[in-house]
Amino acid sequence: MPQIPQSLHELSVGQLSARSGAAVSALHFYESKGLISSTRTSGNQRRYSRDALRRVAFVRAAQRVGIPLATIRDALAELPEERTPNRADWARLSEIWRGELDERITQLHRLRDHLTDCIGCGCLSLETCVLSNPDDVNGEKMTGSRLMPERARLPGPEQPTGQP
Ligand code: FES
């Protein structure tokens with residue numbers, strides 16, 4: 001990773017990209033979303049203060065664990081006087097985000113556990129399929145393909161059996 005001299009207080013987008021590992025397009029995107037900011041030179045080139053390195057590292061770390069950009073932006077906006085997040089901030093926010101991540105992990109486990117049955121079934125029913133309707137109550141108990149025999153036992157209109 002290229003070193004940036006300590007005497008350099010402002011970074012070009014290329015320097016920030018090289019040092020942070022984020023693509024230039026990603027940095028522009030972060031800026032458009034208000035996650036980092038820059039000033040412009042007289043030649044209209046972007047210049048970032050050195051603390052943008054820490055902000056980009058923070059954003060990338062949070063993204064890596066699945067935190068949405070809007071949530072990251074809100075967290076950064078809550079810091080006093082828009083200061084750069086430090087170790088204590090990261091510890092506090094990661095504790096807040098833990099519950100959200102646990103919930104997502106639980107949902108992913110459920111989806112993973114039903115995936116094989118769903119691929120075999122293929123109905124993608126909005127009423128019963130855990131893939132089409134991940135919050136479905138029945139989806140927690142069983143997948144649609146297993147509901148079929150249960151539905152056959154439910155009272156309802158006479159079904160032709162096809163048997164003489
Ligand atoms: S495809 Fe998911 S229950 Fe049928």
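Just so we're clear, the structure is a prediction, and the values are computed from it rather than from any experiment. Whatever order the structure lists them in is the order used to number ligands and atoms, beginning at 1.
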Give the atoms of ligand 1, by number and element, whose distance to some non-hydrogen atom of Cys129 is under 4.0 Å.
1 (S), 2 (Fe), 3 (S)
Taking only heavy atoms of Leu124 into account, list the atoms of ligand 1 that are under 4.0 Å away from them.
1 (S), 4 (Fe)
Which of the numbered atoms in ligand 1 are below 4.0 angstrom from a heavy atom of Cys118?
1 (S), 2 (Fe), 3 (S)
Option passing side chain to side chain contact (heavy atoms under 4.5 Å, CB included) with Arg55 (candidates Ile72, Leu76, Leu16)
Leu76
Just wondering, more than 12 heavy atoms not from Arg54 lying within 6.0 Å of its CZ?
no
Flag Cys121 as yes if one of its N/O/S atoms falls below 2.8 Å of atom 4 (Fe) of ligand 1, otherwise no.
yes
Please check this pair: side chain of Arg104 against backbone of Gly66, looking for a donor-acceptor N/O pair closer than 3.5 Å.
yes
Taking the inter-plane angle between the rings of Phe58 and Trp97 on a 0 to 90° scale, is it parallel (under 30°), tilted (30 to 60°) or perpendicular (over 60°)?
tilted
Any atoms of ligand 1 less than 4.0 Å from a non-hydrogen atom of Cys123? List them with their elements.
1 (S), 3 (S), 4 (Fe)
So is Ser125 in contact with ligand 1, going by heavy-atom distances below 4.0 Å?
no
For Arg87, I'd like to know if atom CZ has over 12 heavy atoms of other residues, nucleotides or ligands within 6.0 Å.
no
